[in-house]
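For reference, the structure discussed in these notes is given below.
All ligand and atom numbering here is 1-based and tracks the order in the structure. Note that the structure is a prediction, hence the values are computed from the model and not measured.
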Amino acid sequence: MIEGSKTDAMTRKLRMGMVGGGPGAFIGEVHRKAARMDGHVEIVAGAFDIDPAKSREMGRILNLDPKRAYDTYEKMIEGELKLSPEERIDFVSITTPNNWHYPIAKAFLEAGFHVVCEKPMTMNVEEALALRDVVKKSGKVFALLHNYTGYPMVKHARWMVKQGMLGKVQKIVVEYPQDWLLKRIELEGQMQASWRTDPKQAGAGGCLGDIGTHAENLAHYITGLYIDELCADLTTFAKGRLLDDDVNVLLRYENGAKGVLHSSQISTGQENNLNIRVWGTEGAIEWHQENPNYLYFYRQGEPVQILRRGGAYLCDAAKRHTRLPSGHPEAFLEAFANIYQNFVATVRAQLSGAQPTELDLDFPNVDDGVIGMQFIETVVASAKSDRKWEKFHK
Ligand code: NAD
């Protein structure tokens, strides 16, 4: 067991360990900043890099006890379990390339630690289902970093759909174009591109797994709808690349709604242009990740309403995840921190024997990870198939 005294768990900082996020890595540093934003978390250990020397270097940068900058994740588990429950980590954040997510998450859960894991959750559906079993069996808290669900205006969009303000959802258009993989920078050793274009490290989807899954998850989070079947076209435009760099999908949802999802990493001029529009029988919403403090609400024949982060009229979830007064922009780091905020609240509740609230539990979990892997598998199958529509692989 990793708990100290029960009352202590509600006030002390939770002790975080990290796997991945070594020198020069991208998302590990974002996790470190986001997790500590609200002062509820301290980083005490890590196996930060595939290269043990770099893991130790990161330990020095973070001013950790050198004994807790481990050479490998296996040694980290071993080392942490030797410490007293008052010292050892409460949870681990996994920020490695995709092929490592499953073995590392499984090992930490089975050793009794809570887990925050990057997406896509695993390499395939089989691993995803196995991980779901491990999470359930362990009773530990598992958060998946679909960070776009952390934005207050996304939470408000979800609330509006739930309140029926859009009527019945009929159409969803979600897109996530980028341009950074237009050229084969993986051949120049660019670290993030190298593993993302290698099926052994990324899985069956390239752009599909990397950002297509974010688009799928965002549409599901806001509307609550499940995909029934889809028709996909995957393309690799960069000659010689082994995975897709452009994704186009038509979606049929279980309630009869239709959707269009596209993601791309060869769309010149596009940075992280994640956008979603949802049309219902009574109204519509529109949200743009690159301008995330605003949510547009349309009703036929009426002037557009621009809802703004910080407004007193917003739902509880949006208000809970707002740190600054309106007009002072919050964005990517804060949305990331919001996932951590709810994860931490849920872990604290568990450590102190309390029930987490519905707002505490508002973060992507292992079930979302399973859907993400099923989405990748179904899209790949559809793209390879001669038939037009592929039933969603459940
Ligand atoms: P990166 O290449 O920048 O960093 C990966 C790090 O993991 C490196 O430090 C590497 O040495 C380390 N590593 C690899 N294998 C390891 C192992 N077995 N043990 C310890 N460390 C190991 O990659 P990145 O861009 O930061 O992506 C990492 C993960 O985060 C991927 O799964 C990616 O899909 C995800 N990601 C998510 C978001 C998001 O918005 N949620 C954004 C970027 C990346």
In terms of atom number and element, which parts of ligand 1 are under 4.0 angstrom from non-hydrogen atoms of [X]?
X: Asn147; value: 39 (C), 40 (O), 41 (N)
X: Phe26; value: 3 (O), 25 (O), 26 (O), 42 (C), 43 (C)
X: Gly22; value: 9 (O)
X: Gly21; value: 6 (C), 7 (O), 9 (O)
X: Asp49; value: 9 (O), 11 (O), 20 (C), 21 (N), 22 (C)
X: His101; value: 32 (O)
X: Val19; value: 19 (N), 20 (C)
X: Leu145; value: 41 (N)

Between ligand 1 and Glu118, is the shortest N or O to N or O distance under 3.5 Å?
yes
Could a heavy atom of [X] be found less than 4.0 Å from some atom of ligand 1?
X: Lys54; value: no
X: Trp195; value: yes
X: Arg196; value: yes

Of [options], which has the heavy atom at the shortest distance from [atom]?
atom: atom 22 (C) of ligand 1; options: Ile50, Ile27, Ile339; value: Ile50
atom: atom 34 (O) of ligand 1; options: His214, Gln192, Lys119; value: Lys119
atom: atom 14 (C) of ligand 1; options: Pro97, Gly20, Gly28; value: Pro97

Between the side chains of [Y] and [X], is the shortest nitrogen-to-carboxylate-oxygen separation below 4.0 Å, so that they form an ion pair?
X: Asp198; Y: Arg241; value: no
X: Glu330; Y: Arg309; value: yes
X: Arg158; Y: Asp362; value: yes
X: Glu29; Y: Arg32; value: yes

If we only count heavy atoms from C-beta on, is the Lys258 to Leu251 side-chain gap below 4.5 Å?
no
Any side-chain heavy atom of Val380 sitting closer than 4.5 Å to one from Phe375?
no
Region of [X] that comes within reach of ligand 1 [heavy atoms, distance under 4.0 Å]:
X: Trp100; value: side chain
X: Ala47; value: backbone
X: Thr95; value: backbone

Is there a path from Leu83 to Met16 through hydrophobic residues (I, L, V, M, F, W, Y) whose side chains come within less than 4.5 Å of each other?
no
Between Lys75, Arg68, Lys67, Arg88, which is the residue that forms a salt bridge (Lys or Arg N to Asp or Glu O under 4.0 Å) with Glu80?
Arg68
Flag yes if more than 12 heavy atoms outside Lys54 fall under 6.0 Å of its NZ atom; otherwise flag no.
no
Is it the case that more than 12 heavy atoms not belonging to Gln355 sit under 6.0 Å from its CD atom?
no
Decide yes or no on side chain to side chain donor-acceptor pair (under 3.5 Å) for Tyr226 and Asn255, but give the supporting numbers first.
CA-CA 8 Å; Tyr226 290 88; Asn255 78 332; over 6 Å; no
Among all protein heavy atoms, pick the one closest to atom 4 (O) of ligand 1 and tell me residue, atom and distance.
Ala25 CB, 3.3 Å
Centroid separation Tyr298 to Trp279 less than 6.0 Å
no
